[in-house]
Engineer: 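One structure follows; several queries about it will come next.
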There are 2 protein chains.
Amino acid sequence: MAWNTAETKRRLKESAVAEFAAHGPGGTTMERIARRAGVNKERLYTYFGDKSQLFATVLADELNKVAAAVPLEHLDGPEAVAAYAAAVYDYHAEHPELTRLLLWEGLLDLPEVPDEETRTDYYRTKVAAFARAQRANLISDDLPAADLAFLILALAGWWYAVPQMARMMHADEPATPDTARAGLMRAAMKLAAPKA
Amino acid sequence: MAWNTAETKRRLKESAVAEFAAHGPGGTTMERIARRAGVNKERLYTYFGDKSQLFATVLADELNKVAAAVPLEHLDGPEAVAAYAAAVYDYHAEHPELTRLLLWEGLLDLPEVPDEETRTDYYRTKVAAFARAQRANLISDDLPAADLAFLILALAGWWYAVPQMARMMHADEPATPDTARAGLMRAAMKLAAPKA
DNA sequence: GTGAATTCCAACCCAAACGTTGGAGTTGGA
DNA sequence: TCCAACTCCAACGTTTGGGTTGGAATTCAC
């Protein structure tokens, strides 16, 4: 059988993403990552360095995707903000591993984050879109653009950050993904609505 | 020196809360918990069972506090909702360990949570307060009460869940705890404002 | 084709951490 | 006062898991 280093690396990283997302940096073992990829453990060390380096690599590569995800060029009103919030919500649903990596990164509370520059730039473009819409009087400007953008993401992300709280708060009338999504859109719209 | 089992237990649990909150279940060692408490490791096992039992105990005891925290009897309008949001935000700031435990619990994604009954009841009272205010036409009723309450908590908690994202999104105009708090209150008020 | 460099793995080393044990000190009741 | 029960700890056994090594299979340059 021929060597295929690119494929081996890919498999290892894919496996690392899954394991780190599922169990966090502390709960993950190099052994398991390698086994899941069907590759010898030693490959991890030669390709990616030790465990913490591997974790940093995974964070940098994957969370860049999160920051870049869900394109946002033009916001022409509160409805567009609601649609954006819904798209972020859907993105979380489709990529639970990335959401979990993001939360785990938050818990590490590093003074600086892998690839902070690039990711900051991505977020900057989102904030800029909100700021433009504010200047054009298309959406409310009583919150700083960065706050507004951040809080929209909060509405979408909180469901995934504390699913147990979501379950307990909705004990009497269980929330489905659809009702959650609808409520989220309505809330986003209200946050973005310009004063009458 | 006289024995003092109650005090020993208290010290151990306090220490466990701090360690688990800081490093998560995976990153915490029984050794460190015991050392921090100035007690022998073996005490942990006789008093609390193994590591996972200890973690479950800590979660149950401490997260009950979170659910019960920030009293909320009567909401007489959007301003009261904003004040509640701010109080929750302040609570997170004062008890970062509990916030972190909550997030860690969320990441474990257990099918059931320690002490789920009791905690559900606490959350139920919060939702009920929102529902009462809605029926009295004091706040907006275009969102289900549970959704509204949950999203208010989202606004307050997201800052602590993903501090790195907060930092990156506010790169150009750094947010202080005060500006964050002010923005949060404004947002909460808008979510709760009845339609004109 | 041959040898140097590369990819891969089984087996190993060792430190860390979980959990236990045997025994010494302390208490309280009969 | 004596002993049964309890509190505590130092030291230990064992497993897990991070990281390495020696060597076999493969590739590629010449």
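Only heavy atoms go into these numbers, but all of them, side chains included; no hydrogens, no water, no symmetry mates. Letters A, B, ... are given to chains in the order of the sequence lines, protein chains preceding strands, and every chain is numbered from 1.
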Engineer: How many Å lie between CZ on A:R32 and C1' on D:dG18, as a whole number?
Structural biologist: 16 Å

Engineer: Classify the nucleic acid contact of A:T28 as base, sugar-phosphate or nothing, counting any heavy atom under 4.0 Å across all strands shown.
Structural biologist: sugar-phosphate

Engineer: I need the CG-P distance between B:L44 and D:dC9, as an integer number of Å.
Structural biologist: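 After rounding, the reported distance stands at 11 Å.
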
Engineer: Using atom NE2 of A:H23 as one end and atom P of D:dG18 as the other, report the distance to the nearest whole Å.
Structural biologist: 12 Å

Engineer: Answer yes or no: are there more than 12 heavy-atom neighbours, outside A:E173 itself, under 6.0 Å from its atom CD?
Structural biologist: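 Not buried by this count: 12 neighbours or fewer within 6.0 Å.
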
Engineer: How many Å lie between CZ on A:R35 and P on D:dT16, as a whole number?
Structural biologist: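 Taking CZ of A:R35 and P of D:dT16, I get 11 Å after rounding.
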
Engineer: To the nearest Å, give me how far apart CG (A:L54) and P (D:dG19) are.
Structural biologist: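 After rounding, the gap between these two atoms is 10 Å.
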
Engineer: I need the full list of side chain to side chain donor-acceptor pair (under 3.5 Å) pairs touching residues 59-72 of chain A, with sequence neighbours left out, sorted by first then second residue.
Structural biologist: A:K13-A:D61, A:E62-A:K65, A:N64-A:D115

Engineer: Show the numbers, then the answer: is there a ring-ring contact (aromatic ring centres under 6.0 Å, His included) between B:Y123 and B:F150?
Structural biologist: CA-CA 10 Å; B:Y123 286 123; B:F150 181 73; 9.1 Å; no

Engineer: Using a 4.0 Å cut-off on protein heavy atoms (strictly under), produce a 5'-to-3' string for nucleotides 6-13 of chain C with B for base contact, S for backbone-only sugar-phosphate contact, and - for none.
Structural biologist: -BBBB---

Engineer: In this structure, how many angstroms lie between the C1' atom of D:dA10 and the OH atom of B:Y45, rounded?
Structural biologist: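 Atom OH in B:Y45 sits about 15 Å away from atom C1' in D:dA10.
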
Engineer: May I have the distance from B:F48 (atom CZ) to C:dT20 (atom P), rounded to whole angstrom?
Structural biologist: 16 Å

Engineer: Nearest to the A:K51 side chain among D:dG19, C:dG19, C:dC18, which nucleotide is it?
Structural biologist: D:dG19

Engineer: Should A:K51 and A:T29 count as side-chain neighbours, where that means a heavy-atom distance under 4.5 Å?
Structural biologist: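 A side-chain contact under 4.5 Å is absent here.
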
Engineer: So is B:R119 actually on top of B:Y122's ring, under 6.0 Å and inside 45° of the axis?
Structural biologist: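 The answer is no, since B:R119 fails at least one limit relative to B:Y122.
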
Engineer: Is it the case that the ring center of B:H170 lies less than 6.0 angstrom away from the ring center of B:W159?
Structural biologist: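 Centroid separation for B:W159 and B:H170: below 6.0 Å.
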
Engineer: Please report the distance, rounded to the nearest Å, between CG in B:D50 and P in C:dA17.
Structural biologist: 17 Å

